[in-house]
Amino acid sequence: MIDCLYFAWVRERIGLPREQVETSAATVLDLVEELRAREPRYAAAFEDLSALRVAIDQELTDFGASLAGAREVAFFPPMTGG
Amino acid sequence: MSVRVQSQRFDAGAELNAFSAGLENAGAVVSFTGVVRDRDAGGMVAMEIEHYPGMTERAIAAIVDEARTRWDLAAALVIHRHGRLEIGAPIMMVATASRHRVAAFEAAEFLMDYLKSRAPFWKKEIGPQDAAWVEARDEDEAALGRWSPGQD
């Protein structure tokens with residue numbers, strides 16, 4: 001079970017800020033494929049991965065990263081702080 | 001070294017005075033305050049900033065730690081707000097103190113460059129009828145390159 005978090009327009013497209021996902025995905029990309037296959041709103045949110053960033057347990061990583069031991073995976077657009 | 005993530009408004013002048021008080025070995029204090037501005041087309045009524053509680057504090061702390069390894073800083077301060085902000089209100093500030101001004105200026109710029117692209121905040125411009133997420137700019141990402149020679 002992994003906590004998936006969504007921020008900014010990813011949250012808006014999917015329609016919720018977080019959810020628990022039952023998955024055996026090995027990598028972030030595998031998890032994305034599972035989510036995409038669920039419903040059109042997920043497919044819309046994950047349409048262009050170059051427009052997205054991902055963090056595992058609050059550390060930025062990339063879509064090829066392993067989910068071994070991961071508790072929390074967050075998806076969001078490039079950050080606009082400052 | 002102080003990091004604060006908050007929704008409340010802050011007084012940048014008062015923060016800077018408090019930061020500067022009691023610094024004995026710092027010959028230079030540099031500060032930057034970011035303020036909500038109207039969008040180019042005008043007609044914005046407010047800005048909303050979303051963030052990732054937990055990661056935000058960790059990411060900023062890591063950025064400040066990195067600055068401390070690169071420059072000899074007597075003190076550093078980062079304040080960043082989230083939630084709904086009115087036009088003209090302060091969004092964030094950084095302050096750095098060092099023995100010499102070059103270190104204080106460079107560290108402040110480093111903190112700003114990284115806060116913009118590596119701290120999990122997302123800005124949304126709220127208009128009277130519409131709202132739009134602010135898009136990250138290529139220049140902001142490119143600005144990180146100058147701090148890591150040899151990397152893209």
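Proteins come first, then strands; the chains are lettered A, B, ... in the order of their sequence lines, and each starts at number 1.
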**Request:** State, with a plain yes or no, whether a side-chain heavy atom of A:F7 is found less than 4.5 Å away from one of B:E50.
**Result:** yes
**Prompt:** For atom CD of A:E47, is the number of surrounding heavy atoms from other residues, nucleotides or ligands below 6.0 Å larger than 12?
**Reply:** no
**Asked** Within the distance-only criterion (no hydrogens, no angle test), does the side chain of B:W122 pair as donor or acceptor with the backbone N or O of A:P77 below 3.5 angstrom?
**Response** yes
**Prompt:** Between atom NZ of B:K124 and atom CD of A:E12, what is the distance when rounded to the nearest 0.5 Å?
**Reply:** 3.5 Å
**Prompt:** How long is the span from the OG1 atom in A:T80 to the CD1 atom in B:I49, to the nearest 0.5 Å?
**Reply:** 8.0 Å
**Item:** Partners passing ring-ring contact (aromatic ring centres under 6.0 Å, His included) against A:Y6 (at least two apart in sequence or in another chain)
**Value:** none
**Request:** Mind checking the CZ-CZ spacing from A:R53 to B:R118? Nearest 0.5 Å is all I need.
**Result:** 7.5 Å
**Part of B:H82 lying under 4.5 Å from any heavy atom of chain A** = neither
**Prompt:** Should B:V134 and B:I126 be regarded as members of a common hydrophobic cluster, given that ILVMFWY residues are connected when their side-chain heavy atoms come within less than 4.5 Å of each other, either directly or indirectly?
**Reply:** no
**Request:** State plainly whether one hydrophobic cluster holds both B:F110 and B:V30, where clusters connect Ile, Leu, Val, Met, Phe, Trp and Tyr through side-chain heavy atoms under 4.5 angstrom apart.
**Result:** no
**Message:** For B:Y52 versus A:A74, what's the shortest heavy-atom pair and its separation?
**Reply:** CE1-CB, 3.4 Å
**Prompt:** Which one, B:A59, B:A62, B:A119, leads in non-hydrogen pairs under 4.5 Å with chain A?
**Reply:** B:A119
Residues 88-105 of chain B, side-chain donor-acceptor partners within the protein, below 3.5 Å, at least two apart:
residue	atom	partner	partner atom	Å
B:T96	OG1	B:A104	O	2.7
B:S98	OG	B:D72	O	2.6

**Asked** When clusters are formed by joining ILVMFWY residues with side-chain heavy atoms under 4.5 Å apart, either directly or through shared neighbours, do B:L111 and B:V5 land in the same one?
**Response** yes
**Prompt:** Within a radius of less than 6.0 Å around CG of B:N25, do more than 12 heavy atoms belonging to other residues, nucleotides or ligands occur?
**Reply:** no
**Prompt:** At a heavy-atom separation under 4.5 Å, does A:A8 approach chain B through its side chain, its backbone, both, or neither?
**Reply:** both
**Message:** Could you check whether atom CZ of B:R84 has more than 12 heavy atoms from other residues, nucleotides or ligands sitting under 6.0 Å from it?
**Reply:** yes
**Item:** Side chains of A:E72 and B:M55 in contact at under 4.5 Å (non-hydrogen atoms)
**Value:** no
**Asked** Does the B:K123 side chain pair with the main chain of A:G82, one donor and one acceptor, at a distance under 3.5 Å?
**Response** yes
**Note, B:P120 side chain near A:M79 side chain (heavy atom, < 4.5 Å)** = yes
**Item:** Side chain, backbone, both or neither of B:E135 within contact of chain A (heavy atoms, under 4.5 Å)
**Value:** backbone
**Request:** Establish whether B:W147 and B:V78 are linked, either directly or via other cluster members, by ILVMFWY side-chain heavy-atom contacts under 4.5 Å.
**Result:** yes
